[in-house]
Amino acid sequence: FLMNMLMNQNTQHVKALYEDATDVYLKATGYYIHGCAPPEGFNLPMHILNLLNVKAGGCVLDAGCGMGMMLIEMSKIRPDIKFYGITISERQFEICNELKSSYQADNVTFVLGDFHQLTNYFENQSMDAVYFNESLFHSNQYKQVLSEVYHILNHQGVLYSKDFYINRWLDKYFPFTLGNKLIKYIRKVYYYHPIMKYEMIKTIKSIGYDLKSFEQPAYIPDFQKVV
């Protein structure tokens, strides 16, 4: 009961954050909200699509899709795939559908909902790939989210997460390191809960996933206090 209460409270904080801040982000950074942005010339939608390696006719879910531009761009690269995006923010959902209409992205469907309950919106084994683009650790119950993903992925499905991890145990256990201060800032301002990298690896294996790779691309830190 307590864990559900804490999860619901955190979810409402995240929802309120994006209801209040989405239009501010839109003016400040455009349709993408990045803590770490890809370097100039790096095509992130193409990069993720290549990693997902989904065949024609497949289905891809962006879990925590923000304003939806990533999916719109992917849909133009791969018009032979069905794309889905889920966001908890009503304002973001509105923008998603405006973009869908503007870009005539008929192979994209947006859902207003909570990614802690993906099986309420999608059938079991209905997805060929699910990805998180700096969205997973908005959850303080990420294990539940990954378990929900496991149910909706087919047996050959792929999970991809571009998120932040704590690499140094010093940053987790000692309160005055530079890394720890950044972690505290992320948690306070963005309701974001990064974990130790080894904890993520342990968790995904315990759920039943096979770990294919763990990469650290040369993304550029782009934290901006716009709220």
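Note: hydrogens, waters and symmetry copies are ignored here, and every other heavy atom, side chains too, is used.
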Please check if any side-chain donor atom of [X] sits under 3.5 Å from a side-chain acceptor atom of [Y], or the reverse.
X	Y	answer
Asp163	Ser161	yes
Glu73	Tyr32	yes
His138	Asn10	no
Tyr160	His47	no
Ser139	His193	no

So for atom [atom1], which belongs to [X], do other residues, nucleotides or ligands contribute more than 12 heavy atoms lying within a distance under 6.0 Å?
X	atom1	answer
Asp210	CG	no
Lys76	NZ	yes
Gln104	CD	no
Tyr31	OH	no

Close side-chain approach of [X] and [Y], heavy atoms under 4.5 Å:
X	Y	value
Thr109	Lys82	no
Phe132	Phe115	yes
Met127	Val149	no

Partners of Asp23 by side-chain contact (heavy atoms from CB on, under 4.5 Å), sequence neighbours excluded?
-> Leu26, Arg91
Can you sort out the partners of Ile207 under side-chain contact (heavy atoms from CB on, under 4.5 Å), two or more places apart, ordered by chain and number?
-> Leu146, Ser147, Tyr150, Thr203, Tyr209
Do Phe110 and Ile88 share a hydrophobic cluster (ILVMFWY, side-chain heavy atoms under 4.5 Å, transitive)?
-> no
[atom1] of [X] to [atom2] of [Y]: how many Å apart, nearest 0.5 Å?
X	Y	atom1	atom2	value
His13	Asn140	NE2	CG	9.5 Å
Asn124	His151	CG	NE2	7.0 Å
Met70	Ser75	CE	OG	12.5 Å
Leu153	Leu159	CG	CG	6.5 Å
Ser89	Lys15	OG	NZ	8.0 Å
Ser135	Ile86	OG	CD1	10.5 Å

Could you please spell out the steps behind the side chain to side chain contact (heavy atoms under 4.5 Å, CB included) verdict for His116 and Thr11?
-> CA-CA 9 Å; His116 293 88; Thr11 299; 3.4 Å; yes
Trace of the side chain to side chain contact (heavy atoms under 4.5 Å, CB included) decision for Asn133 with Leu44 = CA-CA 10 Å; Asn133 184 27; Leu44 184 59; 4.2 Å; yes
For Phe137, which residues count as a ring pair (Phe, Tyr, Trp, His ring centres under 6.0 Å) partner, sequence neighbours excluded?
-> Tyr142, Tyr165
Is the backbone N or O of [Y] less than 3.5 Å from a side-chain atom of [X], with the two atoms forming a donor-acceptor pair by type?
X	Y	result
Asn107	Ile81	yes
Glu148	Thr119	yes
Gln92	Tyr18	no
Asp114	Gln117	no

Considering only distance and modelled atom types, tabulate donor-acceptor pairs under 3.5 Å from the side chains of residues 95-103, sequence neighbours left out.
unit_1	atom_1	unit_2	atom_2	d
Asn97	ND2	Phe93	O	3.1
Lys100	NZ	Val108	O	2.8

For residues 71-90, which residue pairs qualify under ring-ring contact (aromatic ring centres under 6.0 Å, His included), counting only residues two or more places apart or in two chains?
-> Tyr84-Phe122
In a table with atom names and distances, give each donor-acceptor pair under 3.5 Å that connects a side chain of residues 49-67 to protein atoms at least two apart or in another chain.
unit_1	atom_1	unit_2	atom_2	d
Asn50	ND2	Met46	O	3.3
Asp62	OD2	Tyr131	OH	2.8

